Amino acid sequence: MKHLLKMMDLTRDDITEILNLADQLKYELKHSIPHPRLAGKTLGMIFSKASTRTRVSFEAGMFQLGGHAMFLSGRDLQIGRGEPVEDTARVLSRYLDGIMIRTFAQKEVDDLAAYGSIPVINGLTDLAHPCQVLADLMTIREIKGQFDGLKMCFIGDGNNMANSLAVGGLTAGMEVSLACPENFRPDETVLKFAEGYGDKFTLTDKPEVAAKNADVVITDVWFSMGDEDEADMRREAFKGYQVNETLMKQAKPDAMVMHCLPAHREEEITTETFEKHAAEIFEEAENRLHAQKAVLCILMQTQK
Ligand code: CP
Ligand code: NVA
């Protein structure tokens, strides 16, 4: 593994390696065992979109690993004034040991990796959110014990989360079912990938079908960062794609609920269902820290 660009680049073994190390790092942190595996290393963090969890967990994570994280606003870098990604990548590679980037186009992340010579981590694009999905998988494994035999469903927009969950869930060994409105289906590359998993993958426009007997129910906002102009249209299109107590009756009685956050209560999820599953949702948020620290170590640690 040289970069973390999207879930499709990871094998089941890669996922297991990341989650095992994440569990160990979580244990070390909880027991105040120092783990300065990245002493002297610097991570550059480019943000062209807002963030709470990603920024804070990467910055705190690098500190805990004995390294340093540098916040770089996409607006303040010359990249925001049109300096080519190819040049930015080659320059930053001479100062830093790794780059985390949150932006719009997946191509920008892929180009950064192609032209630079240091590991690149996708901190969210319009296409993918692999860091979040690794934390989600860690949380599922922590609570359910394994992936085999589980059914994961996602209700809502066929966005970055749906794309990465579908790929990550199938790769990890779960059955995956997505319920998305007709015009908001996941990316074609993801549907093509999922085809290879036969009846372990289903795409429907009916939330109650996707949630049937599910062990894990996941949703995300109806309009993502960059979709704000479509908010009213999307609120109409996504009516009915809500995780609530009626929908949860379709899932297994002990089903987990997860949400990458931020959540829009009474849109994609009711306050009632959110609060009932708050322990799972906030464990998921915490696991961003541990899962990303594992990724940072695997990509940036020179001596294991
Ligand atoms: N879930 C997530 O990525 O949160 P932020 O947008 O706050 O980073
Ligand atoms: N789909 C959301 C996820 C936020 C973490 C967005 O892209 O805004």
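Computed from a predicted structure; not experimentally measured. As the structure lists them, so they are numbered: ligands from 1, and atoms in each ligand from 1.
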* Ring-face cation contact, Phe274 with Arg265, 6.0 Å cut, 45° max -> yes
* Protein contact of atom 3 (C) of ligand 2 - nearest heavy atom, named by residue and atom, plus distance -> Asp220 OD2, 3.7 Å
* Asked: Would you call Glu142 and Lys26 a salt bridge, taking side-chain N to carboxylate O under 4.0 Å as the test?
  -> yes
* Would you check, one step at a time, whether the test side-chain contact (heavy atoms from CB on, under 4.5 Å) holds for Leu25 with Arg37? => CA-CA 10 Å; Leu25 292 167; Arg37 295 163 184 248; 3.8 Å; yes
* Asked: For Phe223, what residues pass the ring pair (Phe, Tyr, Trp, His ring centres under 6.0 Å) criterion, not counting sequence neighbours?
  -> His264
* To do: Would you confirm whether the ring centroid of Phe184 sits within less than 6.0 angstrom of the ring centroid of Tyr241?
  => no
* Asked: Taking atom types as modelled, is there a side-chain donor on Gln106 or Asn122 under 3.5 Å from an acceptor on the other?
  -> yes
* Heavy-atom nearest neighbour in the protein, as seen from atom 8 (O) of ligand 2, with distance rounded to 0.1 Å -> Met225 N, 2.8 Å
Name each donor-acceptor pair under 3.5 Å that joins a side chain in residues 66-79 to protein atoms two or more places apart or in another chain, with its distance.
residue : atom : partner : partner atom : Å
Ser73   : OG   : Arg75   : N            : 3.1
Gln78   : OE1  : Arg81   : NH1          : 2.5

* To do: May I ask you to check if ligand 2 and Ser224 share an N or O to N or O distance below 3.5 Å?
  => yes
* Among all protein heavy atoms, pick the one closest to atom 5 (C) of ligand 2 and tell me residue, atom and distance. => Leu261 O, 3.6 Å
* To do: For atom 4 (C) of ligand 2, state which one of Leu124, Asp157, Thr54 supplies the nearest heavy atom.
  => Leu124
* To do: Please verify whether a non-hydrogen atom of Asp126 lies at under 4.0 Å from ligand 2.
  => no
* Among Glu268, Glu230, Glu267, Glu228, the one residue meeting salt bridge (Lys or Arg N to Asp or Glu O under 4.0 Å) with Arg235 -> Glu267
* Structure fact -> In this structure, atom 7 (O) of ligand 2 is nearest to the protein heavy atom Asn160 ND2, 2.9 Å
* Any residue meeting side chain to side chain donor-acceptor pair (under 3.5 Å) with Thr202, in chain and number order, not counting sequence neighbours -> Ser177
* **Residues in contact with ligand 1, criterion: heavy atom under 4.0 Å** => Ser51, Thr52, Arg53, Thr54, Arg102, His129, Gln132, Cys260, Leu261, Arg288
